[in-house]
Amino acid sequence: MSSLSASSGSSIVVDDVSVTYKTSLDKRPTLKSTVTRLGRRERVVREVEAVKHVSFHVPHGSVLGIIGANGAGKSTLVRTIAGILPPTSGRVEVFGRVSTLLALGVGFNKDLTGRDNVRLGGLAAGLDRARLADKYEDIVEFAELGDFMDMPMRTYSSGMYGRLAFSVAVNMDPDILIVDEALSVGDARFRRKSANKMKELCTQERTVVLVSHALQTVRDLCDQAIWMDQGVMKMWDEPDAVVDAYTEFLEVGQDALTLEDV
């Protein structure tokens, strides 16, 4: 694929990005250590290299799929692109207004109504009040929550949470949409509706980054794909080539179940 030197016209540039964070673990105590430490648990700090020296660019108006096993660094990578996590080293450049759907319901205040959360989300996304008023009806219509929009979100089921989060993200008219495993919200009918909306967005002049285990979706929607493994970018190429290499690596084949659940 093209190098970063050819990234003119890109919406996203990721240049030699690494992300390292620290996490603490409880070490299982022995009887002797429990006595000597007076019952206090010993905590061990572990350093995790979640993303290691990753470089790529996403041309304006294209759709990038990111695949890989759980713990491969996919979510850390897109959170870094979205500006939620700072890179430990390297640089990320994003050109345009970003809408993210990284974890359903994150950012919602459970004590506020759905209506109030939509307003706050729209203002945070940079929409003025007039534009937000126009988009509000689209969001409500797509989410199909009716009178629940005027009820506190603590009364929502997880499916209702997901429907509203998806509707907010896709109806904010972003230049760049980043979606992390969020296409399976609601019932079967709403999932089909969400998939059709994503297909519509992917045909428009906007940039989409899609993290998914649904490999057939990556084949169908994406212009290019990245395979992440243990924080390393194993491959960056056309979707068919990346999916073929990934499934061969896993030695699972490409039956219908595999293509939706790997």
Side-chain angles (χ1 to χ4, degrees), residues 11-12 61 63 66 74-76 78-86 94-214 217 221:
S11 290
I12 300 168
V63 183
I66 302 178
K74 306 184 302 295
S75 294
T76 299
V78 293
R79 281 164 170 74
T80 304
I81 294 171
I84 296 171
L85 293 175
V94 177
F95 305 94
R97 187 163 59 85
V98 178
S99 180
T100 60
L101 189 51
L102 302 181
L104 294 176
V106 169
F108 285 151
N109 185 325
K110 293 183 179 181
D111 293 326
L112 297 179
T113 65
R115 181 186 298 271
D116 289 338
N117 274 293
V118 169
R119 287 172 173 166
L120 288 174
L123 293 173
L127 298 183
D128 59 39
R129 292 184 182 276
R131 183 62 175 154
L132 178 56
D134 291 338
K135 299 308 296 180
Y136 179 80
E137 296 305 323
D138 294 334
I139 291 168
V140 172
E141 180 180 356
F142 191 92
E144 301 176 351
L145 293 180
D147 292 340
F148 277 96
M149 291 299 298
D150 292 308
M151 297 178 65
M153 289 195 67
R154 65 173 179 270
T155 65
Y156 286 21
S157 67
S158 59
M160 293 165 66
Y161 244 80
R163 284 159 60 180
L164 186 57
F166 186 91
S167 185
V168 169
V170 300
N171 282 293
M172 286 297 180
D173 290 339
D175 301 307
I176 301 168
L177 176 63
I178 301 176
V179 181
D180 185 358
E181 293 296 354
L183 298 181
S184 298
V185 296
D187 56 23
R189 189 186 64 81
F190 192 84
R191 289 198 298 272
R192 286 194 299 270
K193 183 177 178 180
S194 299
N196 290 335
K197 182 65 174 181
M198 282 301 301
K199 290 178 182 178
E200 176 189 331
L201 292 172
C202 289
T203 62
Q204 298 172 356
E205 277 297 308
R206 71 182 77 239
T207 303
V208 179
V209 177
L210 173 63
V211 175
S212 183
H213 288 287
T217 298
L221 297 184

Side chain to side chain contact (heavy atoms under 4.5 Å, CB included) partners for Leu85, two or more places apart: Thr76, Arg79, Thr80
- line: Across all chains, not counting sequence neighbours, the side chain to side chain contact (heavy atoms under 4.5 Å, CB included) partners of Asp147 are none
query: Salt-bridged, Asp111 to Arg154, with N to O below 4.0 Å?
result: yes
- prompt: Which is it for Arg191 and Ser194 under the side chain to side chain contact (heavy atoms under 4.5 Å, CB included) test, yes or no, and what are the steps along the way?
  reply: CA-CA 5 Å; Arg191 289 198 298 272; Ser194 299; 5.6 Å; no
- request: Return the set of residues passing side-chain hydrogen bond (donor to acceptor under 3.5 Å, both in side chains) with Asp116 (not counting sequence neighbours), or none when no residue passes.
  value: Thr113
- prompt: Given side chains that start at C-beta, do those of Phe148 and Leu164 come closer than 4.5 Å, heavy atoms only?
  reply: no
statement: So CE of Met153 and OH of Tyr161: to nearest 0.5 Å the spacing works out to 4.5 Å
- prompt: Can you check side chain to side chain contact (heavy atoms under 4.5 Å, CB included) on Lys74 and His213, steps first, answer last?
  reply: CA-CA 11 Å; Lys74 306 184 302 295; His213 288 287; 4.0 Å; yes
statement: Residues pairing under salt bridge (Lys or Arg N to Asp or Glu O under 4.0 Å) where one sits in residues 198-208, two or more places apart or in two chains, turn out to be Lys197-Glu200
query: Got a donor-acceptor contact below 3.5 angstrom from the Thr207 side chain to the Gly61 backbone?
result: yes
statement: Residue set satisfying side-chain hydrogen bond (donor to acceptor under 3.5 Å, both in side chains) with Glu141, at least two apart, ordered chain then number -> none
- prompt: How far apart are the closest heavy atoms of Ile12 and Val209, and which atoms are they?
  reply: CD1-CG2, 3.6 Å
query: Step by step, would you call Asn171 with Tyr136 a side chain to side chain contact (heavy atoms under 4.5 Å, CB included)?
result: CA-CA 9 Å; Asn171 282 293; Tyr136 179 80; over 6 Å; no
message: Quick one, Asn109 and Leu120 - any side-chain contact, counting heavy atoms below 4.5 Å?
response: no
- prompt: Within the side chain of Asn117, is there an N or O that forms a donor-acceptor pair under 3.5 Å with the backbone of Phe108?
  reply: no
- request: Quick one: closest heavy-atom pair of Pro174 and Leu177, and the distance?
  value: CG-CB, 4.1 Å
field: Listed partners of Arg97 passing side-chain hydrogen bond (donor to acceptor under 3.5 Å, both in side chains), at least two apart
entry: none
message: What's the separation between atom CD1 in Ile139 and atom CD in Glu137, rounded to the nearest 0.5 Å?
response: 9.5 Å
Note, Val179 side chain near Val211 side chain (heavy atom, < 4.5 Å): no
task: Indicate the ring-plane relationship of Phe142 and Phe166, choosing parallel, tilted or perpendicular according to the 30° and 60° boundaries.
output: parallel
- line: Residue set satisfying salt bridge (Lys or Arg N to Asp or Glu O under 4.0 Å) with Lys135, at least two apart, ordered chain then number -> Asp138, Asp173
- line: Sorted by chain and residue number, the salt bridge (Lys or Arg N to Asp or Glu O under 4.0 Å) partners of Arg129 (sequence neighbours excluded) come out as none
- line: Separation between SG (Cys202) and CG (Leu210), nearest 0.5 Å, reads 7.0 Å
message: In the structure I gave you, are the side-chain heavy atoms of Val208 and Met198 within less than 4.5 Å of one another anywhere?
response: yes
task: Might you work through the side chain to side chain contact (heavy atoms under 4.5 Å, CB included) test for Val78 and Ile66, ending with a clear yes or no?
output: CA-CA 9 Å; Val78 293; Ile66 302 178; 3.7 Å; yes
- prompt: Would a distance-only check, ignoring hydrogens and angles, find a side-chain to backbone donor-acceptor pair under 3.5 Å from Ser167 to Arg163?
  reply: no
- request: Tell me, please, which residues at least two apart from Asp150 pass salt bridge (Lys or Arg N to Asp or Glu O under 4.0 Å).
  value: Arg115
task: Any chance you could measure Lys193, atom NZ, to Glu144, atom CD, to the nearest 0.5 Å?
output: 3.5 Å
Residues forming a side chain to side chain contact (heavy atoms under 4.5 Å, CB included) with Val98, sequence neighbours excluded: Val94, Thr100, Ile176, Ile178
message: If the condition is side-chain hydrogen bond (donor to acceptor under 3.5 Å, both in side chains), which residues does Thr155 pass it with, not counting sequence neighbours?
response: none
- prompt: Taking only residues two or more places apart in sequence, or in another chain, which ones meet Arg192 in a salt bridge (Lys or Arg N to Asp or Glu O under 4.0 Å)?
  reply: none
